Amino acid sequence: MSRIPEAFEGGPAFVPYLAVGDPDYESSKQYVEALARGGADVIELGLPFSEPIAEGPTIQGAVVRSLSGGMTPERFFEFVAELDVDVPLVCMTYYNLIYRYGGSEARRASEASGEAASEEADRPRAFVERAKEVGIDGFVVPDLPAEEADPLREACDEFDLDLVFIVAPTTQGERLERIMSQVSGYVYVQARLGVTGARDDVSGQTDESLGRLSQWDVPKAVGFGIKTGEQAERIVRGGADGIIVGSALVDIVAEGAADGEDAEVVADRLEAKARELKTGAMRGAGVETEEEDDGQEVPNPERT
Amino acid sequence: MSSDTTPDGERDGDGHADSRARADGKFGRYGGQYVPEALMPAIEELTDAYERYVLENEGGFMDEFRSRLADFGGRPTPLQRADRLSERYDREVYLKREDLLHGGAHKLNNALGQVLLAKYMGKERIVAETGAGQHGTATAMAAAHLDLPCEIYMGERDTRRQRPNVFRMRINGAEVNPVTTGRGTLKEAISETMRDWATNVEDTHYVIGSVVGPHPFPAMVRDFQSVISEEAREQVQEKAGRLPDSVVACAGGGSNTMGAFAEFVGDEGTDLVAVEAGGSSLDVDEEAGVAPNSASLSTGSEGVLHGARTKLLQDRDGQIMESHSVSSGLDYAGVGPELAHLVDEGRVRAVNVDDDAALEGFHRLSQEEGIIPALETAHAFAHLHEHPEELGEVVVVNVSGRGDKDLETVLEETEQREVSNAPDLSVLSGGLGGAHGAGDADADARGGDE
C-alpha cells in the first residue's frame, strides 16, 4: 500500500499539480517544495508529453517550456529523487512515455529485425519500477481509460503503487462501477467536460458527479478549473475529500517566467496560493485554520 | 489470374463489412482506445452506432449513404486506362479517378458517411481536423449538404499552405479555427479537435479524417472508403479481364490507402503498395525532435498517439517528432493501425519517395495524362516511375485527389529546387495571386478547372 490513502485521512487533501521542469529544472524544484510548505498533502508531478490532448492552453504552455528546457523521463526521475518533500508524489503523464520507457535500444533492435516486440506487460513495468525506485507513489494517465489499463495496473500492483483513474461527468452507470472497482489511491473527479484550465465558476457537474460517487469509500479528489480558496471550500462542502489544482498554479509559474522574475519570488507566490487553497478546503470541511505569522497552518484534524 | 477464377469478384453489396478489427478494436497488436475517460462514453455510443448503422444497415443507413454518394458525390468514379503511362512503363496502368469525386478528393466518401451517421445519432454539431484542407472541405460540404453546423481545426501553417481550401470551407459555411500550437500542422489540429470534442462531447460528433484515432474510427473510416476498392475491383476485371498484379496508393494517415486496398486484401495475387512521403531525408534529428519525412510505416516505431497504438515517428523517449512532407496531407507522424498491422503481416508493402520525386511525379501526370494530381497522389506516381518492374503487368494507381489546392506550393517548390521536368513557370513569378489565376497564362501550368 502506498502512502497516498493516509494523506486523505487528516481532513480534505490539497493536491497541487506542476509540470516538472517548467520553466527550468532548478526553479521547478523550488516550486514543488514551496507547494509542500504551503500545505500540499499529495503532489502531482507532470512529466510532459509532446501531445497533451487533455490539457488546455495553460498546461500546454508548461509542456512546451519544460520540453524546450530538455526535460526527459530520466531527468524527471532524477528530479523526483532529489526532491526534498515529505508528501506522497503522483506521476501524471501520457501513456506513450510509459510505454516507450526503458530497454528501448533492445526493443528497437528486435523491432528492426522483425521479431515480436517484448511482452505487453514488460512495457509499463520498466517505467513503474524506476518510478518506485525514486519515490513515486502512484500514477494518473489521462489518455489511458480502464479498457487499456491492465498492463499498467499489473505493474503497479507488483510494486505496490496506486493507479488513479479519472471519472468524468459523462462516466455513469455500469461504466462507473467498472472503473471504481479498479481505482486505487484516490479517484480523480473531473469537475467539468473539456480540458484543464482555471475557471471563475464551479460547475454544477461537480455536485452531480460527487453524488454518483458517494457510495464508494475511496477518497474523491476534484480537479479541472479550481483556482481560488472559495471554490475549494465549496467543492469540499459538496462532498469532496480533496481538491486538485493545476492550471491556477501553472499560471503563476508562466507569469513569473514571462516577467523574468526570481524563482524565490515565484516560489513565495506559489506557497501563498497553496495556503489559500488548502485553507479554503479546510473551511469547506468545517475546520477553521489559524494563520500564524510564519504562515504555518494549524489544522484541526477533526472533521465534521 | 484470369476472369473465370473470380467468383468472389461477385461479392454481395455489403462485402465491405468483414470488420477486421476485433471487438476491442485491435488489429493484431495495433489499435485500441487510448483516449481521455470523458470521451469513452461517446466512443461507446459511436461504436454502437457504427455496428448498427454501418455494419447492419439499420434504418437503411448504408442505402442512404450509397445513394447520396452517387447523387451528391458523383459515384462511381471511373477507372481509366492511362495510355501514355502504360506505353512509357510497358504495362497496363489504370487510374482510379477519386480526383473526380465531388470536392476533388476521396475525402468525401468518409466525410459524407460520418456526417450522415452523426445525423442518425442525433448529434447537432460537427467538428473535424484537416491537414491539406481536403478533409476539411469535404466535411464542410457534407455538413452543408446535411444541414449541420461545422467547425474545422487546421494548423496555422497549413492555412497558409492551403489557402484555396480555407476559402472553400468558409464559403460552405464552416468555421475555420487556425491552430497555433507546435508546428501548426495536422498533428496539432487533431489534438485540438480532440480537445473540442472532449468539451462538447454530448452534442458533437468528431468527423476524423483518416483511418486513425481510437476504435471504431479506423474500421469505420476504412468501411466508408472501401467503396474505392469495391468499384475498382469490378472495373479492373471488366477492363483488363482480371485482377491487378498491384494496387498503388499514397499513405499518410492512410484513408485512401485502406480504401484502395480493403477489397483486395483477400486477393493474394494482388500486391498492395503503400507509398509514404520520404520528405527530404529518412534520417531523423533526435536533438531537434524533427523527422524530415512522414514515413511512419517505413521508419517509425510502435507507440500510442491520438487514441491508437500504431507506428509513429518518435524520439527515444516517446516524444512525437515533427514530421515533414512537401504535401500537407501526408505530413503526419503516425499512420492508421490497420495499415501498420498489414505491413507487419507482410500483406502490404511500405515504400517511400522523396519530395523531389513527388514534384516530378506531379508534373509528369499533369503533362502526360492531362491530370493535375494532388501532391499526396503524386507520391504514388513517383513510385510507379521509380520501380515499374516491381508492379506487374496490370497496375491500379489510386488518384486520391486533384492538385488545384497545391498550385501555390508547386510554384514555390519548383522555383526553389531543380525539378527536371517542370515547365518554365517564370511568367508566374511573384505568386499566383489567387490559386485559380493561372489558367490562360501558360498552358503547361494550367490550374483552374472549375
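Order of the sequence lines sets the chain letters (A, B, ...), proteins ahead of strands, with each chain counted from 1. Note that the structure is predicted; figures quoted are calculated from it, not measured.
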Point to revise | Part of A/Glu55 lying under 4.5 Å from any heavy atom of chain B | key: backbone
Practice item. Go through the steps to decide whether A/Leu193 and B/Val201 satisfy the test side chain to side chain contact (heavy atoms under 4.5 Å, CB included), and finish with yes or no. Key: CA-CA 8 Å; A/Leu193 286 173; B/Val201 61; 3.9 Å; yes
Review point. Counting only heavy atoms not in B/Glu287, do more than 12 fall under 6.0 Å of its CD?
Key: no
Practice item. May I ask you to name which of A/Thr72, A/Thr171, A/Leu144, A/Val64 has the most heavy-atom pairs under 4.5 Å with chain B? Key: A/Thr171
Point to revise | Between CD on residue B/Gln319 and OH on residue A/Tyr94, distance to nearest 0.5 Å | key: 12.0 Å
Practice item. Calculate, to the nearest 0.5 Å, the distance between atoms CG and CZ belonging to B/Asp317 and A/Arg75 respectively. Key: 12.0 Å
Exercise for review: Could you tell me which non-hydrogen atom of B/Pro41 sits nearest to which non-hydrogen atom of A/Thr170, and how far apart they are?
Suggested key: CG-O, 3.2 Å
Revision key, fill the gap. Heavy atoms of B/Gly318 and A/Phe49 approach each other most closely as O-CE1, 3.3 Å
Review point. In Å and rounded to the nearest 0.5 Å, what is the OG to CE distance from A/Ser50 to B/Met321?
Key: 10.0 Å
Point to revise | chain A neighbours within residues 186-197 of chain B, where any heavy atom lies under 4.5 Å away | key: B/Lys187, B/Ser191, B/Glu192, B/Met194, B/Arg195
Review point. Is the side chain of A/Asn96 donor-acceptor paired with the backbone N or O of B/Val304 at a distance under 3.5 Å, no angle test?
Key: yes
Exercise for review: Supply the atom-to-atom distance B/Met40 CE to A/Ile166 CD1, rounded to the nearest 0.5 angstrom.
Suggested key: 13.0 Å
Study note, to complete from the structure: Whatever's closer than 4.5 Å to a heavy atom in chain B on A/Ile179 counts as side chain
Revision key, fill the gap. Looking only at B/Ala198, B/Gly32, B/Ala42, the option with the highest number of non-hydrogen pairs under 4.5 Å against chain A is B/Ala198
Check your understanding: Which bit of A/Pro52 is near chain B, if near means a heavy-atom gap under 4.5 Å: side chain, backbone, both or neither?
Key -> both
Practice item. Would you tell me whether A/Tyr99 and B/Glu302 have side-chain atoms, one donor and one acceptor, within less than 3.5 Å of each other? Key: yes
Check your understanding: Looking only at heavy atoms, what is the nearest atom pair of A/Arg100 and B/Ser301, with distance?
Key -> NH2-OG, 3.5 Å
Review point. Hey, what do you get for CD (A/Glu51) to OG1 (B/Thr181), rounding to the nearest 0.5 Å?
Key: 8.0 Å
Check your understanding: Would you call A/Arg175 and B/Glu37 a salt bridge, using N to O less than 4.0 angstrom?
Key -> yes
Study note, to complete from the structure: In terms of heavy-atom pairs under 4.5 Å with chain B, the winner among A/Ala146, A/Ala54, A/Ala168 is A/Ala168
Review point. Would you call A/Glu148 and B/Lys26 a salt bridge, taking side-chain N to carboxylate O under 4.0 Å as the test?
Key: yes
Study note, to complete from the structure: Separation between CG (A/Asp143) and CG (B/Leu39), nearest 0.5 Å, reads 11.0 Å
